[in-house]
Amino acid sequence: MNERLEPALARVLQVGTYVSMGLVALGTLLFIAGGGSPLDGGPVLDLARFPADLAAGRPTAILWLGVLGTLLTPGLRVVGAMVGFARAGEWRMVGIAVAIIAVVGVGIVAGLVTG
Amino acid sequence: MEVGLLMLVGGVAAGLFGSLLGLGGGLLIVPLLTLGFGLPLRESVGVSLVCVIVTSSASAGIFLQRRQADLRLGMTLELFTAMGAIAGGLFAFLLDERVLAALFAGLLVYVAVTMARASTAAGSTTQNADRPAGPPYRRLPAAIVGSVGAGVFSALLGVGGGTVKVPVMHLLMGIPLRVATATSNLMIGITASASAFVYLIRGGIDVYAVGPTAVGVFIGATIGSRFGGRVHVRVLRLLFVVVLLFTAFEMARRAAFGA
């Protein structure tokens, strides 16, 4: 296996976590500074409104962006591993990585269908 | 403002304890939000899953850099923990919250007893190798079954599932304890994110509660991972056992008599 794969995946995880937590912290500070409370009951993520809310700098949208970044970071690590294993010709591991991404995708679809 | 600060401090404590004792923060976050802040149990589980991903990603990065985590084994097993997590995430919305509270109380008692036994046997767990040996792996089919169970368990209760994954790898497959712990940490991210997406889509993640709690957990876990070596873990472990048993009692009371 490529010797640089594991350090590269480590960087993906660390950068993803730091950026996501930075966004969550910023969104939380803006939300609380605006008089909100963590016990107000957060809204459900509305994907149709999300880009406009984010462009307007709304704290809730910034918070959601941080949460989405957190949720996607482990998946990015799997994608990175898939690329690394493909370069090394480890096709069995590439297949496993593809299967993991497919399973997470099935989970998202299942959530949408049953939600 | 005060509530936000209290959640932040609670998150720091959960992250610190979790990091020092090698557990995810989920064991403390769910009771903290449910018993301390009155959040519904299912929403607390959703918030906890996000926090568990944060601690997993941060610590797995360090373990990968040190080459302590077995990437191949982790990816092979996380395929099955993710399957279990999706099933658990869907099932969680069908279960009564009192049943979830009872399951959580049972989990806390199990972890408390396991930790108490480890404390009294301190010194006998001098685990050896801290580098993965790689394939071939022993008893992989049985470990796959255990991994599906760990995924269901993680999604139902908002924990990382390390309490199942580490024994499966260490006791069943003969993976050295440090490698099993590091690999479990790596797997937790995908396990928790698979079910967290189900919670997210079904409105089970309260983004306002996530904010201060996740930032607190991140700060606590970072402090814990930097200063862990200087702390007397045996005393801390006994203190933690007391906290877990008290929390288990409160969760059991909630299961029996409702909120």
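Protein chains get the first letters and strands the later ones, always in sequence-line order, with residue 1 at the start of each.
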Under a 4.5 Å heavy-atom cut-off, does chain A meet the side chain of [X], its backbone, both or neither?
X      : result
B/L186 : both
B/L64  : both
B/F218 : side chain
B/L79  : both

Greatest number of non-hydrogen atom pairs under 4.5 angstrom with chain B, of A/G75, A/A8, A/G27, A/G41, falls to A/G41

Heaviest contributor of heavy-atom pairs below 4.5 Å to chain B, chosen from A/V103, A/V44, A/V104, A/L9, is A/V103

Exercise. What residue, out of B/T76, B/V210, B/V198, has the most heavy-atom pairs lying under 4.5 Å from chain A?
Worked result: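 If we count pairs closer than 4.5 Å to chain A, B/T76 comes out on top.
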
Do you know the tightest heavy-atom contact between [X] and [Y]?
X     : Y      : answer
A/P43 : B/V207 : CD-CG1, 4.1 Å
A/A10 : B/G61  : CB-O, 3.1 Å
B/S57 : A/T17  : CB-OG1, 3.1 Å

Taking atom [atom1] of [X] and atom [atom2] of [Y], what is their separation to the nearest 0.5 Å?
X     : Y      : atom1 : atom2 : value
A/L71 : B/F197 : CG    : CZ    : 4.5 Å
B/M75 : A/M93  : CE    : CE    : 4.5 Å
B/I62 : A/Q14  : CD1   : CD    : 6.0 Å
A/L5  : B/L71  : CG    : CG    : 6.0 Å
A/L39 : B/M7   : CG    : CE    : 4.5 Å

Margin query: Angle between ring planes, B/Y208 versus A/F31, binned at 30° and 60°: parallel, tilted or perpendicular?
Written below: parallel

Which of A/V109, A/L45, A/V113, A/I108 passes side chain to side chain contact (heavy atoms under 4.5 Å, CB included) with B/I201? It is A/I108

Segment of A/L68 engaging chain B (4.5 angstrom heavy-atom cut-off):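 Contact with chain B is through the side chain of A/L68 alone.
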
Residues of residues 47-64 of chain A with a heavy atom under 4.5 Å from any heavy atom of chain B, in residue-number order, are A/T60, A/L63, A/W64

inquiry  = Please check this pair: side chain of A/R77 against backbone of B/I190, looking for a donor-acceptor N/O pair closer than 3.5 Å.
reply    = no

